[in-house]
*Asks:* 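There's a structure below that I have some questions on.
Whatever order the structure lists them in is the order used to number ligands and atoms, beginning at 1. Heavy atoms only: backbone and side chains are in, while hydrogens, waters and symmetry mates are out.
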Amino acid sequence: MKTVKVSIVTPDGPVYESDVEMVSTKAQSGDLGVLPGHIPMVAPLEIGAVRLKKEGHTDYVAVTGGFLEVRPEQVTILAQAAEPADQIDIERAKEAKHRAEDKLKQDNMDFKRAELALRRAINRIEVYQHDR
Ligand code: ATP
């Protein structure tokens, strides 16, 4: 099976590196799957799960925004934050979700900020649950 090298990198350093058979991401233009040999491209990403298929299983990484860059031998995801499923603190994500929901119920000017916090928290919870 052909593979492509994938690196997921944040300002704090690399969080995931592996040779995989397929990478699935949520780009701003829609769901985007990348197989080995994909043409070079750059795409902005949404808050979402990155799925990495290899050797009969799938790794999940929660990614907060950033970019996907495809080069002939390498796929790089540069993200503001990224957590592999097994490194997600589920209690922290649930607390963040509740905080964001409370803020959204209030009449405030920070609607967009609270909405983004809610999306980050839900993404982390979903990625964590995929891995169980
Ligand atoms: P919180 O309110 O819990 O800090 P947040 O969405 O505001 O959540 P971010 O600003 O996206 O957090 O991330 C800050 C740092 O904390 C990043 O390094 C991110 O990887 C990490 N992080 C955030 N939430 C979690 C979590 N539930 N489990 C593990 N790491 C997390």
*Asks:* May I ask you to say whether E95 pairs ionically with R92, meaning some side-chain N is under 4.0 Å from a carboxylate O?
*Replies:*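 Salt bridge between E95 and R92, a charged N being under 4.0 Å from a carboxylate O: no.
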*Asks:* Tell me, which protein residue and heavy-atom name are nearest atom 10 (O) of ligand 1, and how many Å apart are they?
*Replies:*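 Answer for atom 10 (O) of ligand 1: R120 NE, 4.5 Å.
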*Asks:* Of the backbone atoms (N, CA, C, O) and the side-chain heavy atoms from C-beta on, which set of R99 has a member under 4.0 Å from an atom of ligand 1: side chain, backbone, both, or neither?
*Replies:*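 It is the side chain that gets close, since no backbone atom is under 4.0 Å.
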*Asks:* Considering only NZ, NE, NH1 and NH2 on the basic side and carboxylate oxygens on the acidic side, decide whether K97 and E101 come within less than 4.0 Å.
*Replies:*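 Salt bridge flag = yes for E101 with K97.
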*Asks:* Check the surroundings of atom CE in M41: do more than 12 heavy atoms from other residues, nucleotides or ligands lie under 6.0 Å from it?
*Replies:*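 Enclosed: over 12 neighbouring heavy atoms sit under 6.0 Å from CE of M41.
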*Asks:* With backbone taken as N, CA, C and O and side chain as the heavy atoms from C-beta onward, which portion of D12 lies under 4.0 Å from ligand 1: side chain, backbone, both, or neither?
*Replies:*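 Just the side chain.
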*Asks:* Side chains of V50 and I77: closer than 4.5 Å at any heavy-atom pair?
*Replies:*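 Answer yes - side chains close enough.
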*Asks:* Counting heavy atoms only, which of R92, K97, E83, E91 comes nearest to atom 19 (C) of ligand 1?
*Replies:*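 Nearest heavy atom to atom 19 (C) of ligand 1 lies in E83.
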*Asks:* Are the side chains of T58 and M22 in touch, meaning some heavy atoms are under 4.5 Å apart?
*Replies:*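 No - every pair of side-chain heavy atoms lies 4.5 Å or more apart.
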*Asks:* Taking 4.0 angstrom as the limit and counting only heavy atoms of D89, give me the atoms of ligand 1 inside it, by number and element.
*Replies:*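 Result: 26 (C), 27 (N), 28 (N), 29 (C).
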*Asks:* I'd like to know if R99 pairs up with D102 as an ion pair, taking the criterion as any Lys NZ or Arg NE/NH1/NH2 lying under 4.0 Å from an Asp or Glu carboxylate oxygen.
*Replies:*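 Answer for the salt bridge query: no.
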*Asks:* Heavy-atom contacts with A93 under 4.0 Å: which atoms of ligand 1 show up? List them by number with element.
*Replies:*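 In order of numbering, the contacting atoms are 27 (N).
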*Asks:* Given K94, R124, E95, Q80, which one has a non-hydrogen atom that is nearest to atom 9 (P) of ligand 1?
*Replies:*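 Closest candidate by heavy-atom distance is R124.
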*Asks:* Tell me, which protein residue and heavy-atom name are nearest atom 17 (C) of ligand 1, and how many Å apart are they?
*Replies:*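 The closest heavy atom on the protein side is A81 CB, 4.0 Å.
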